[in-house]
Protein chains: 2
Amino acid sequence: MPRGSTRPTSRDVAEAAGVSQAAVSLVLGDKWRGRVSAATADRVRHAAQELGYRPNLAARNLRLGRTRTVLLVVPALTTEFFAGVYTGAARVAAQHGFGVVLYPSPEGIGPARDPFGSAQAALDGVIASSMAADALTAIRGDQLPLVMLDSDPTGSQGAATVNLDIADGVRQISGHLLGLGHRRFLHLAADIPSWTFEVRARELAACLVEVPGTSLHVARAPISFEDALAATQTALTTPGPRPTAVICDDDKLAAGAYKAARRLGLRIPDDISITGLDDLALARALDPELTTVHLDAERFGEQGMKALLAVLDGRTPPEEDIPVHLVVRGSTAPPNA
Amino acid sequence: MPRGSTRPTSRDVAEAAGVSQAAVSLVLGDKWRGRVSAATADRVRHAAQELGYRPNLAARNLRLGRTRTVLLVVPALTTEFFAGVYTGAARVAAQHGFGVVLYPSPEGIGPARDPFGSAQAALDGVIASSMAADALTAIRGDQLPLVMLDSDPTGSQGAATVNLDIADGVRQISGHLLGLGHRRFLHLAADIPSWTFEVRARELAACLVEVPGTSLHVARAPISFEDALAATQTALTTPGPRPTAVICDDDKLAAGAYKAARRLGLRIPDDISITGLDDLALARALDPELTTVHLDAERFGEQGMKALLAVLDGRTPPEEDIPVHLVVRGSTAPPNA
DNA sequence: ACGCCCAAGTTTTACGTATAACGTCCTGCT
DNA sequence: AGCAGGACGTTATACGTAAAACTTGGGCGT
């Protein structure tokens with residue numbers, strides 16, 4: 001037993017096993033082959049077990065100069081999407097003996113003045129999701145290895161990037177709706193300055209401009225049920241021919257669009273088709289179930305973490321986009337008349 | 001400039017300011033009054049600023065024997081509820097200079113064999129949410145200050161507990177439905193061995209037994225859309241008089257119940273009333289909007305963190321339950337006939 | 001004039017770990 | 001017989017910080 005009630009240290013283990021502290025470190029660090037006899041190694045392991053020894057991570061981190069801990073910066077945790085990203089990143093991290101600390105940037109997507117303010121941990125690297133460029137600069141100042149998720153590759157200042165192939169998702173949506181015969185579209189866009197949403201707008205416009213006779217209106221709303229409802233309602237009641245399909249930047253917006261359509265007495269999908277993007281649990285709870293683009297959040301987090309591990313290893317991370325796929329459910333149908 | 005490209009240490013700052021390392025520590029630790037002149041203190045601060053000095057947390061943690069970091073153990077991050085708990089806990093923590101590391105127990109609610117397996121951080125304390133008793137024992141073995149969220153106070157082995165007043169929420173639901181005239185109930189229960197769900201079942205039974213002429217059937221399902229759908233569908237098609245109200249253990253189950261009701265051609269709330277519990281974003285997206293009990297997840301997390309801070313301070317945390325309130329929306333109405 | 005205390009620092013130490021550098025047998029070979 | 005070298009360790013040191021213990025040079029009271 002160590003004196004007092006403090007946690008046992010490697011020295012306590014050494015004493016209990018009748019060896020030096022260095023031997024304990026070698027054995028428990030699995031570097032004992034050819035340096036310590038198997039019998040002694042066993043004694044040490046038993047003593048450690050007996051005392052309930054757990055290494056002091058602060059001391060180890062100080063000694064090694066690294067912490068095997070990385071920071072994941074995400075916008076506010078308001079959907080399960082980022083929970084999935086975290087889960088995926090944490091899983092891969094754990095497999096490599098790393099831990100992940102979460103930092104929900106208080107200002108949401110956009111500039112974060114003090115990227116690490118509340119993160120008490122000492123860090124080996126950072127994964128930043130959907131961040132604005134100025135926050136990026138603040139982070140880079142710390143010289144930490146950095147991976148950006150869903151961010152403009154051209155503005156990433158040399159940081160590695162991992163992206164979902166959102167552009168392809170938009171192509172799949174527009175292809176689906178055009179194939180059904182839709183020509184008049186409303187784009188319910190997230191009113192957030194973020195690359196991932198710019199891509200949606202740009203790609204959608206590019207897809208539709210190719211097809212003669214199409215029209216595209218854009219409504220903007222913050223990602224909230226109420227705002228989406230209001231914006232859609234306004235957009236659908238403006239004079240002129242009504243859009244037959246509403247393409248929403250994400251599922252939450254789509255839920256608002258559903259309610260707006262219902263308020264106006266429109267049936268989904270008979271009178272109006274609606275699509276989302278994310279494939280949250282919400283998508284299946286809506287009635288009819290939402291046609292949307294499935295994003296594999298966990299895989300996204302996994303890839304992000306793998307890229308960061310590569311950077312930490314001095315390797316160059318692969319730059320492939322993560323595929324996404326359209327899930328056709330009940331909210332889309334050919335336009336009537 | 002320090003030699004090489006390593007991060008500047010307090011010694012580098014000392015050299016730049018022409019003082020000893022101890023002086024730097026005193027100044028930056030704000031313990032310099034009466035020990036260092038104001039002019040020197042300024043020189044030190046400027047030097048630190050100039051070099052971009054940031055203290056090495058591993059070294060500080062080692063020296064101080066504490067990390068100002070706590071672990072929040074939650075079941076899988078599949079709903080925004082636990083995201084809210086985290087957000088609240090992290091906010092309070094940040095105000096006190098603490099960080100929060102998240103550990104989503106891989107086995108979900110229930111036994112967690114290796115509570116800290118993937119948590120690389122050195123910890124000052126633990127907040128554990130909805131955990132089973134055996135996992136608790138494993139945690140207690142580590143002698144860390146512990147606060148339990150939504151856990152059986154009688155089985156908490158002396159750990160502080162913070163609970164939502166779920167029992168009161170159940171009373172509000174049953175009062176609401178009984179007041180509307182309902183007498184035949186289906187309880188769609190979460191098929192998870194956790195105290196928070198046991199409370200729901202016990203309290204509901206207790207509420208209904210007081211009222212003559214009531215019947216209560218119970219269906220069980222894991223918390224998933226599909227399972228809830230299947231369980232409800234089975235329960236509603238068994239012979240005998242059909243329940244007029246379905247009380248669900250949480251909103252996600254309610255979403256499944258909605259779909260089951262629709263499949264059977266039942267209108268909500270005309271033919272059947274449905275209630276949830278949580279008040280997730282989902283609740284407002286359903287059509288009609290879900291009558292449910294609002295849980296203030298962020299406040300829950302805040303209270304949990306405050307309790308842990310109290311324990312760390314040697315104070316006794318208050319043992320008050322957090323109030324919840326019924327939100328009546330469109331999914332409940334008097335039974336027809 | 002002498003001692004004392006205070007301001008303004010400095011020197012030293014400890015936290016617990018990982019590892020480089022250094023001993024000491026003993027075995028086997030020439 | 002002598003000696004190389006492997007097996008099995010030990011000793012010593014550094015990581016960066018906080019803080020206790022020590023130093024030094026006035027200024028002030030008596």
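All values below were derived from every heavy atom in this structure, side-chain atoms included, with hydrogens, water molecules and symmetry-related copies excluded. Each chain gets a letter, A, B and so on, in the order the sequences are listed, and its residues count up from 1.
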A.B. asks: Quick one, Phe98(A) and Val70(A) - any side-chain contact, counting heavy atoms below 4.5 Å?
C.D. replies: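 A side-chain contact exists here, since the closest heavy-atom pair is under 4.5 Å.
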A.B. asks: Would you kindly give the CG-to-P distance between Asn61(B) and dC15(D), to the nearest whole Å?
C.D. replies: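 That distance rounds to 18 Å.
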A.B. asks: For Leu57(A) and dC15(D), what is the distance between atoms CG and C1' respectively, to the nearest whole Å?
C.D. replies: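 Distance, rounded to whole Å: 16 Å.
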A.B. asks: To the nearest Å, give me how far apart CZ (Arg54(B)) and P (dT17(D)) are.
C.D. replies: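 That distance rounds to 12 Å.
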A.B. asks: Which sits closer to the 5' end of DNA chain C, Arg66(A) or Arg11(B), going by the nucleotide each is nearest to?
C.D. replies: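 It is Arg11(B) whose nearest nucleotide is closer to the 5' end.
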A.B. asks: Would you mind reporting whether Leu295(A) and Phe81(A) have side-chain heavy atoms less than 4.5 Å apart?
C.D. replies: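 Yes. Closest side-chain heavy atoms under 4.5 Å.
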A.B. asks: How close or far is atom P of dG16(D) from atom CZ of Arg7(B), stated in whole angstroms?
C.D. replies: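 About 10 Å, once rounded to whole Å.
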A.B. asks: Whole-Å distance between dG6(D) C1' and Arg33(A) CZ?
C.D. replies: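 It works out to 17 Å between those atoms.
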A.B. asks: Does Glu298(A) have more than 12 heavy atoms from other residues, nucleotides or ligands lying within 6.0 Å of its CD?
C.D. replies: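 Atom CD in Glu298(A) is packed in, count exceeds 12.
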A.B. asks: Checking side-chain contact (heavy atoms from CB on, under 4.5 Å) against Leu144(A), which of Leu312(A), Val126(A), Leu71(A), Leu308(A) comes through?
C.D. replies: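 Per the side-chain contact (heavy atoms from CB on, under 4.5 Å) rule, the option paired with Leu144(A) is Val126(A), out of Leu312(A), Val126(A), Leu71(A), Leu308(A).
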A.B. asks: Scan side-chain atoms only and decide if Asp124(A) and Thr67(A) contain a donor-acceptor pair under the 3.5 Å cut-off.
C.D. replies: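 Yes, a side-chain donor-acceptor pair sits under 3.5 Å.
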A.B. asks: By nearest atom, which of the nucleotides dC15(C), dT17(C), dT17(D) is closest to the Leu62(B) side chain?
C.D. replies: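 Per side-chain heavy atoms of Leu62(B), the pick is dC15(C).
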A.B. asks: Whole-Å distance between dA8(C) P and Asp42(B) CG?
C.D. replies: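 Answer to the nearest Å: 13 Å.
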A.B. asks: At under 4.0 Å between heavy atoms, how does the protein contact nucleotides 9-14 of chain D? Give one character per nucleotide, 5' to 3', with B, S or -.
C.D. replies: BBB--B
A.B. asks: How long is the line joining CH2 of Trp32(A) and C1' of dA20(C), in whole Å?
C.D. replies: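 In whole Å, dA20(C) C1' and Trp32(A) CH2 are 21 Å from each other.
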A.B. asks: In this structure, how many angstroms lie between the P atom of dG16(D) and the CG atom of Leu64(B), rounded?
C.D. replies: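 Going from Leu64(B) (CG) to dG16(D) (P), I get 16 Å.
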A.B. asks: Does CD in Gln21(B) sit with more than 12 non-hydrogen atoms of other residues, nucleotides or ligands closer than 6.0 Å?
C.D. replies: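 Count over threshold, so yes.
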